[in-house]
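Quick caveat: nothing in here was measured; it's all calculated off a predicted structure. Because only heavy atoms are used, hydrogens play no part in the values below, and waters and symmetry mates are left out as well, while side chains stay in.
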Amino acid sequence: MCRHLAYLGPVRPLADIVLQPARGLYEQSWSPRRQRYGTVNADGFGLGWYPEPVVTSPATSLAASLAGDDEQPEAPEPARYRRAVPIWADPNLPELARAVRTGALLAAVRSATAGTTQDESAAAPFRDGRRLFSHNGAVADWTRLPAALAAAQGPGADAPLDSAALLALDARSDSALLWAMLARRLRRGEPAAGALAALVRQVASVRPDARLNLLLTDGATIAATRYGDTLWYRHAPGRVLVASEPDEEPGTDTTGTWQEVPDHSLLLATRAGVHLVPLRPPTDPADSLSQRRSSRLSPSSPRSSRRHDSSRLPADRGTEPERSTMITQRPFFTLDDRLPADHLAKALRQDVVSGLTADPKTLPPKWFYDAHGSELFEQITRLAEYYPTRAEQEILTRRAPEIAALTRAGTLFELGSGSSRKTRLLLDALTAAGTLSCYAPLDVSPSALEQAGTALVRDYPGLRVAATVTDFESDLTLPPDAPGPRLVAFLGSTIGNLDEAQRQAFYRSLRLTLSADDVLLLGADLVKDREVLIRAYDDSQGVTAEFNKNVLNVLDRELDADFDVDAFAHVARWNEEHERIEMHLRSLREQTVKIPALDLSVDFAADEHLRTEISCKFRRASLTEELATGGFTVRHWWTDDAERFALLLAVPSR
């Protein structure tokens, strides 16, 4: 357990910041008032300071600084003074602290956990280049943390350290391990704020009782988390001080007054201001909302074919401003319903009549998703054979901060929306980057949008959620006042449910909607070994077969049809010519099905197929070419480690 502080501001002696303030860090080392753990910090201390003043350009925004903008002024490498004795027992410190002056500082005092290194190598701040880091808290059974993260296979499971990295730790302690994991993220280009947030959620997912108050600075910015212990800040023009708990120095216009950071929060700060972002716990109930099946959802698919409640939330949920010095917009949720009340019922009737009277017979996959179908989908995403959901989440876990930095999106506009972890990875990264102000989901299901909107305005203070109930195959209008740049997310390889002609129509329609600075984020499942694809759509437990046949249950219930579900068999096959998986229902005998609600009888021959889905798979060259034909230029292409799935960023062609 430790205490720590970080300072950015006018150049001052170290003593003015660390030693002299009444009830400041020096006294807190043996007499804290607010923290409950490690009340005596007698196992070491450390100071890290930047020899030259580090001043952020007046034209540089807080958001740009924390997003890792390459144009930020470069800070000098910090100097450190660390000891393995109590801060009050070092006779040299007072003289050193009076002589050394700085405008950027990180200081910490330490109470060592049993079994950790006792020498000064374990004393914060830890250093990597221009960055300084400290941890206030504890992680139980920390030596097994990398193995636990790898076994959990959750977000960031690729990040635990290998044996060589573990042997190279600065010290044997939970803090040194956390620092090594964070430094790895930072070295591969993740912005500081996003990396801290991702690390906290990653560790808390397997160590829910961990206390994870992390503090990071590069001399120009401060990023900190409050997760289990106390954290405070005081800000005034040109300066900011972040500390485990406040000192008793009176607040003035020059120094600012102390403000407490709420638990489970990320603090982002420069001399220009402070911004607070909620850190959603990894077990948030919102994560349990039904996720869509990655490559099996048609663009207009509802979560359920049942009729939905038409009630709406009020446009403005309150008038209290959010507690943040940088956000003044009130959180609210609006829902623009552009569909008639009987849209789903009419759409089902039209699809059944046109599909079952065609040759060959077809049905669109959107009718899989009644309540039971959604439950089956949840099971499918957890099957070993079904890779798309995990592969796309792997890419987003790694790349969401980079996507946020590249796009600097003010609005995230999502087609076929929901409250899945994948969407929240983007929301977290864009929020941490400080650019996002509006999330604009589009779906045909009012109830799904209402559930998502209620959760999001709670979990993301200051975020405007402007939801639209419509079918984007016929309506791709974005909210007219949605701030740009806009990031349009079309995830899950839903694009694969469209044939080539439908995809071109979609690209052209979307291109007409977007401005020059808007960006498309597209998920696409890739061509791979035929057997891998077949197993993904015809699993050994038969869950996909039950899911496929569930569409017949929907027709029986909604249209009073008399399909005998047991008279059809599930078929998944690879269409080599069109490079797509097709799901079919094969009639096991000659039979006639009556659909009284439509005054329709449908004859099936023995072994006749009813196609229920196409799922096109893509190659980089051909997908890039078809996007170019549709008016988009691909700028970035990412895959998972196994190269099974791709995410790409495309911009409107000039």
Side-chain angles (χ1 to χ4, degrees), residues 289-303 335-339 343 347 364-366 369 388-389 392 396 400 403 407 409-427 430 436 438-446 448-449 451-453 456 465-480 482 484-499 502-515 518-525 615-616 618 623 626-627 630-632 646-652:
L289 293 176
S290 294
Q291 296 178 4
R292 296 171 180 268
R293 189 175 189 184
S294 294
S295 62
R296 307 195 175 189
L297 184 60
S298 83
S300 58
S301 66
R303 290 181 177 265
L335 190 145
D336 179 13
D337 193 341
R338 301 178 185 171
L339 294 179
H343 171 79
K366 59 187 174 184
Y369 295 91
T389 302
E392 187 174 41
L396 276 172
I403 292 168
T407 64
T411 297
L412 173 60
F413 181 71
E414 186 176 12
L415 308 179
S417 60
S419 294
S420 69
R421 288 186 182 88
K422 292 185 297 184
T423 301
R424 286 180 174 247
L425 287 169
L426 288 172
L427 292 172
L430 289 165
L436 185 69
C438 179
Y439 172 57
L442 184 153
D443 204 292
V444 297
S445 171
L449 290 170
Q451 284 182 307
L456 290 171
V465 179
T468 303
V469 182
T470 192
D471 183 342
F472 68 71
E473 285 184 290
S474 57
D475 181 5
L476 266 175
T477 305
L478 277 65
R486 295 174 295 185
L487 174 62
V488 179
F490 194 22
L491 302 177
S493 201
T494 304
I495 193 70
N497 292 134
L498 308 179
D499 62 28
Q502 291 171 322
R503 294 198 299 272
Q504 281 302 319
F506 167 75
Y507 299 141
R508 288 192 294 270
S509 178
L510 181 61
R511 175 64 185 88
L512 293 174
T513 304
L514 300 185
S515 302
D518 295 334
V519 182
L520 169 65
L521 177 65
L522 183 66
D525 198 9
S615 183
C616 298
F618 299 93
L623 182 54
E626 77 171 48
L627 279 162
F632 287 89
L647 277 182
L648 61 91
L649 277 181
V651 299

For the pair Phe506 and Phe490, name the ring-plane relationship: parallel under 30°, tilted 30 to 60°, perpendicular over 60°.
tilted
As an exercise, state the distance from OG1 of Thr468 to CG of Leu442, rounded to the nearest 0.5 Å.
5.5 Å
Heavy-atom closest pair (Leu498 atom, Arg503 atom, distance to 0.1 Å) is O-NH1, 2.8 Å
Taking C-beta and beyond as the side chain, do Leu623 and Ile495 meet within less than 4.5 Å on heavy atoms?
no
Mind listing the closest non-hydrogen atom pair of Ala650 and Phe632 along with its distance?
CB-CB, 4.0 Å
Give, for atom CG of Asp525 and atom OG1 of Thr494, the distance between the pair rounded to the nearest 0.5 Å.
11.0 Å
Restricting to non-hydrogen atoms, name the atom on Ser493 and the atom on Phe618 that form the minimum distance, rounded to 0.1 Å.
OG-CE1, 4.2 Å
First locate atom CG of Leu520, then atom OG1 of Thr407, and finally report the distance between them rounded to the nearest 0.5 Å.
12.0 Å
Side chains of Glu414 and Asp443: closer than 4.5 Å at any heavy-atom pair?
no
So, does Glu392 use its side chain to make a donor-acceptor pair with the main chain of Leu647 at under 3.5 Å?
no
Strictly distance-based, threshold 3.5 Å: is any side-chain N or O of Arg486 a donor or acceptor partner for the main-chain N or O of Thr411?
no
Closest non-hydrogen contact found for Leu436 with Gly410 is CD1-O, 3.7 Å
To the nearest 0.5 Å, tell me how far Leu491 CG sits from Thr389 OG1.
11.0 Å
Sole residue of Val488, Leu521, Asp518 in side chain to side chain contact (heavy atoms under 4.5 Å, CB included) with Phe413:
Val488
Non-hydrogen side-chain atoms of Asp499 and Cys616 separated by less than 4.5 Å
no
When every non-hydrogen atom of Val465 is compared with those of Pro441, the smallest separation belongs to CG1-CD, 4.1 Å
Please examine the side chains of Leu487 and Leu649, heavy atoms only from C-beta on, and report whether any two atoms are closer than 4.5 Å.
yes
